[in-house]
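What follows is a short report on a single structure.
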Amino acid sequence: MTKMTLAKALNAGLRRSMEDDPKVLIMGEDVGKLGGVFRITDGLQKDFGEDRVIDSPLAESGIIGTAVGMAIRGYRPVCEIQFDGFVYPAYDQIVSQVAKFTFRSQGKVKMPMVIRIPFGGGIGAVEHHSESPEAQFAHTPGLKVVACSNPVDGYWMIQQAIKHDDPVIFLEPKRQYHADKAEVDETATPAPLFTSRLIRTGSDVTLLAYGPMVKTCLASAEAAAQEGKSVEVIDLRTLSPLDLDGVFESVRKTGRVVVAHEAHTNLGMGAEISARIMEECFYSLEAPVIRVGGFDTPYPPARVEEEWLPDLDRVLDAVDRTLGY
Amino acid sequence: MTKMTLAKALNAGLRRSMEDDPKVLIMGEDVGKLGGVFRITDGLQKDFGEDRVIDSPLAESGIIGTAVGMAIRGYRPVCEIQFDGFVYPAYDQIVSQVAKFTFRSQGKVKMPMVIRIPFGGGIGAVEHHSESPEAQFAHTPGLKVVACSNPVDGYWMIQQAIKHDDPVIFLEPKRQYHADKAEVDETATPAPLFTSRLIRTGSDVTLLAYGPMVKTCLASAEAAAQEGKSVEVIDLRTLSPLDLDGVFESVRKTGRVVVAHEAHTNLGMGAEISARIMEECFYSLEAPVIRVGGFDTPYPPARVEEEWLPDLDRVLDAVDRTLGY
Amino acid sequence: MATPDFGPGVGEVFGPTHRDGGPELVQLLTPEGERVEHPEFSFDLGDDAIKGFYRDMVLTRRIDTEATALQRHGELGIWAQLLGQEAAQIGSGRALNTQDFVFPTYREHGVAYTRGVDPLRLLGLFRGVDQGSWDPYANNFGLYTIVIGAQTLHAVGYAMGLQRDGVVGSGDPERDAAVVAYFGDGASSQGDVNESFIFAASYNAPVVFFCQNNQWAISEPITRQSRIPLYQRALGFGFPGVRVDGNDVLATYAVTQAALERARNGSGPTLVEAYTYRMGAHTTTDDPTRYRLSEDVEHWKLKDPIQRVKVYLTRHGLVDQDFFDEIEAEAEQLGVHLREGCKAMPEPTILDVFDHVYTEQTAELAAQKAAYSTYLDSFEGAH
Amino acid sequence: MATPDFGPGVGEVFGPTHRDGGPELVQLLTPEGERVEHPEFSFDLGDDAIKGFYRDMVLTRRIDTEATALQRHGELGIWAQLLGQEAAQIGSGRALNTQDFVFPTYREHGVAYTRGVDPLRLLGLFRGVDQGSWDPYANNFGLYTIVIGAQTLHAVGYAMGLQRDGVVGSGDPERDAAVVAYFGDGASSQGDVNESFIFAASYNAPVVFFCQNNQWAISEPITRQSRIPLYQRALGFGFPGVRVDGNDVLATYAVTQAALERARNGSGPTLVEAYTYRMGAHTTTDDPTRYRLSEDVEHWKLKDPIQRVKVYLTRHGLVDQDFFDEIEAEAEQLGVHLREGCKAMPEPTILDVFDHVYTEQTAELAAQKAAYSTYLDSFEGAH
Ligand SMILES: Cc1ncc(C[n+]2csc(CCOP(=O)(O)OP(=O)(O)O)c2C)c(N)n1
Ligand SMILES: Cc1ncc(C[n+]2csc(CCOP(=O)(O)OP(=O)(O)O)c2C)c(N)n1
Ligand SMILES: [Mg+2]
Ligand SMILES: [Mg+2]
């Protein structure tokens, strides 16, 4: 058992993956000596060498495109995208190459690649440093998309993603990197990667979140409890494929759902989840699924980001609104 | 009044826009002498010169990126992306630059740019030539996204998009280019660009479509009528912003909705539309909104594409299913 | 292509804007079938090899003409012809070792043939029954790539893998390997291709960038993409570039061989520009009369890659009529194989589409597949 | 930077892999403050201009130190320092005409100053109150660009617009215009930057690619991006490239001036590599001690761009103490302006965020704004 921040947990998970499998490579901008701008790869180049922890030229399409070739050669590249907003130059390689290789080769070519993306806002950064691109990747067949929300998941999920034979977009809530510490038991057996998790039981409303919003939603549930409202919270963890059986079960119990994320509400994950809940739990719904998301504007200047991002009060307000039906 | 195919109508619309405004430029691969692989720009370079109809080097990011600069200089570039699957190399310029310029400059810089994309399948092409990327653009604030479904709309919508001061992703159902002819009245007054249109009235089910699926859905409605089911059909036309007032009105009447598109169902436009209908018409819904979309697999080889794409029967089946509730 | 005029004063102000970058055009067999010497490159295989190349080119052209005919008869949806590029593909393909790996575009039918891929398999993508059914690992020949330029980065990444596997510069010819990235003149404008030059130079990766400059990117002439000879692009990235007569199979072999050798022994990347011409349409759906003059095509007919070898072989009495007859017979067989095989290709079924999206089918896709299968069954009898 | 070893045999096989491409480093004022002649470039303005450059550089450095201090005091979230790059920015910025247009990165504070942009406005992005509040058309200075390389394509497109407006090669100095695209050494690896070279060459666009090679891309040295001098990248695309001492304001002015002149008179693009050094951290959040030696920094201190001009001016008795005092006083004023102005910057309000997503607010956004405003009001009194 060690107390770790999310950043340290991811670093420890990466280290263990590299120890376990010599085919695991890390590539990205400034991942070497610097250890990445968030220090997630801190010390790894020193211990595993420049051949396994590779500082790349400043070109995201180049990073992902060459990683495709490494995967074809039998390696398991773990690519770091420095900030969410900089994944787009690599978008073509990700959606047209990485996502389709297994399909078009009828399984002959595997793409065991992990693309790590620090995502979301709340760190007072300038434009392009606080995006939430998950929905675009989840819309793309062939990719898998997961988001961790705490140190324990960070430690295990990154290792599971690296072991996995399909390409995984691995979303890390950068706002949480150095926030809270948690006990990580390196000997435990983690839950399977592509599963959601019930993290707080309740009977009145089902609250769905992932990544950075999990902490916020737990706080909202706590506050709601003070007001006598029993809120059940589920950490989705996997965005593609979605694991909604537990969600449907919860909805059949509560009849009310709030789904929260930082991404723009329009066509965000909440849209898909809302649609599926209606398809599966039509007769159980007492109220429409309510979405609490980033507004449909570009991410704003840092001085107003806290008001732009869904927070405890906005989630609470949504909980009240669904109970109002 | 002239009878035109969609291809000819778009060509005529482009021609008229270039006559009306010397600032209108066309740029893309093979748009000059060849007139584009679909001949949409046929004859334009001959009549307007190489300075206004520009064959570009083979680089999509370059096309959109230079178009941004032209727009800043006061031009109104109309960029042709040769096929839907080739818009991704330009994805970064589109979502991080084109979409955000007006916002970040607080309106000081306008981006009057049109990005024409022949989209959708059904033409027996090889991979990457039959994609439906609309949801990804609709999820991006700052962009507007429209899809035409017939020659008359093609003729007017392209001119309206070019006159519009915000960037417009202009989706053209390539399968329809040379399909049916329609009378185009060049003297008529078109409906505003960002509006949906009721194209068939009915009372039992509301059927929503855009682009290539409009024709299919009208046929399904016709077939349903034979079986005594009255289906109302709405051509959404605009995907961002969505114009759903007419849809909500229809749903309050029918209580049943089917939304169809070729794009992957997961996080496709249908997800957002379904979520909004639940939010707005919760108590009017007799059945969950049913989505008929492309499957969540990469676009398949041509020999099975007709079975992969939603067709008359699958839409009809969805209509029956919603009536089954 | 001539050096463009950079306008007044450049000479004095900045000095010449580019250098020759090596022999302007490496040629070892003239269009007239004459062997010629070149100061830096020589063809050191015997006449048997040349006979082999001749056979390869004839069969490759046959693959192309058969496939074109199959498209005309509606058996293929589309076909990307290589007519005129046989020497560029056979010369480079035959320079490869078994352990080398190839990343092709959609037009490398001749290279595929040299790798031992059954030509029939090449038809699947164009017939619309699959997206490439050969096993890339069986012949070290990757799947065709439609998105222009994307494969060049894959090639560099694979080459970086070779470096990490210790099979570069080991000195053991059985062991050392290299990668060839094929691409076209139009592709040279794509960001990905230029980034692949950056990465290859940065890591000194064992890759040969083989650009078939067939003068056209659909309707756009090479001058739209570059105003200087393409091989000189390499100078901007710090590795050698050379232009070879892509219609000269001997020169293409020699130059590719040298470039591959550099890659295998750890000397890094090379750009080879094979100067050739797309004699046919871009694809069977293209109409070149809209954008190019038949004179050009006529002019290039005189440089035909197969004819010059035939002239060489016959003039020097290296072959007799039987030689040509046997190859013709072989070509006939190949034609039959393609025609019959094409029509006999197994049709895909819609339900297979759900099976290889991921290495293991997800519950979501299993459900979609099951639902669709039930739906399809509902028509049994009904129709 | 030395030419890398391309491994054995390249010389014989392919000939030299790159050429000098012009004077390796254009310098007109040595670090010791001595004026030197250069065969191709000369500084033809008088000493008053040099005094002006000195003042410009001192004020520019002051903007940088004040902003850095404001960040330390929590008034800015982050700041991208230009320390050491004053000459590269003032020399190039002062070579511009009013009608020229600039596409900057996020570090061009000195260039912004030469364009007449109030330095205070530069702070907004870093303070988090806006994303650039100056009007790009007021000073022909575009908004800062964070996404590496994206602006280079915008620059080429704008330059193509100039060509279509007939303000290139008209011969009228009041009329002819050019564009400068600023970018860094790291940016040179991005696909967009290389595509901008392609487009500029293809259309012979009036653009100067001004690369400040400050040796670092955050923690990565230039050698990771290119193994040959960066200015030689231009050779691969068919236009001139030149390396200038970026710490020499006279040389930078002269070279940029010549490149701009070529652009304006219709001779096309030029790549100028300003060889300089990032004396500070990448940004105020960066810790360079993790990846570079202080010796390097010490070494470059001796090449300080401001000091050498000061030595020149004083040694030749071109200025007296008053000159320096006045500039110091001016710098003081500027400091006050920035410190007070920064704190006084109007705070954005969340409801403004909905207003400029589109040129006209959509019904959807109006509704989101209204709903959020009502929600916010619900707290009035409540809290
Ligand atoms: C990214 C991308 N953009 C556009 C296309 C459409 N397209 C297919 S082939 C082609 C021309 C390619 O020219 P070149 O690279 O010279 O290869 P060639 O076809 O001549 O062999 C184009 C524009 C594509 N396949 N991919
Ligand atoms: C597309 C993209 N990828 C990554 C980043 C993160 N980033 C910001 S600055 C920088 C280094 C830029 O180096 P260089 O081009 O040399 O400019 P300099 O900062 O040295 O002035 C990086 C990697 C970015 N802003 N954009
Ligand atoms: Mg070509
Ligand atoms: Mg730098």
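Below, chain A is the first sequence line, B the second, and so on; all start at residue 1.
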Carboxylate-amine/guanidinium proximity below 4.0 Å for A/Lys100 and B/Glu127: no
What part of B/Thr265 gets within 4.5 angstrom of chain A, counting heavy atoms only: side chain, backbone, both, or neither? backbone
With a 4.5 Å cut-off on heavy-atom pairs, point out which of B/Ala135, B/Gly142, B/Ser240 contacts chain A the most. B/Ala135
Under 4.5 Å heavy-atom distance to chain B, tell me which part of A/Ile277 shows up: side chain, backbone, both or neither. neither
Contacting moiety of B/Val289, where chain A heavy atoms sit under 4.5 Å: both
Can you establish whether the number of heavy atoms outside A/Lys253 located under 6.0 Å from its atom NZ is more than 12? yes
Spacing of OG1 belonging to A/Thr140 relative to OH belonging to B/Tyr88, to within rounding of 0.5 Å: 6.5 Å
What part of A/Phe137 is in contact with chain B, defined as an atom under 4.5 angstrom from a non-hydrogen atom: side chain, backbone, both or neither? neither
Counting a contact as any heavy-atom pair under 4.5 Å apart, which residues of residues 266-276 of chain B contact chain A? B/Asn266, B/Leu267, B/Gly268, B/Met269, B/Ala271, B/Glu272, B/Ser274, B/Ala275, B/Arg276
Quick one: of B/Ser61, B/Ala287, B/Ala138, B/Gly85, who has the most non-hydrogen atom pairs under 4.5 Å with chain A? B/Ala287
Sort A/Gln93 into side chain, backbone, both or neither according to what part of it lies under 4.5 angstrom from a heavy atom of chain B. neither
Sort A/Phe86 into side chain, backbone, both or neither according to what part of it lies under 4.5 angstrom from a heavy atom of chain B. neither
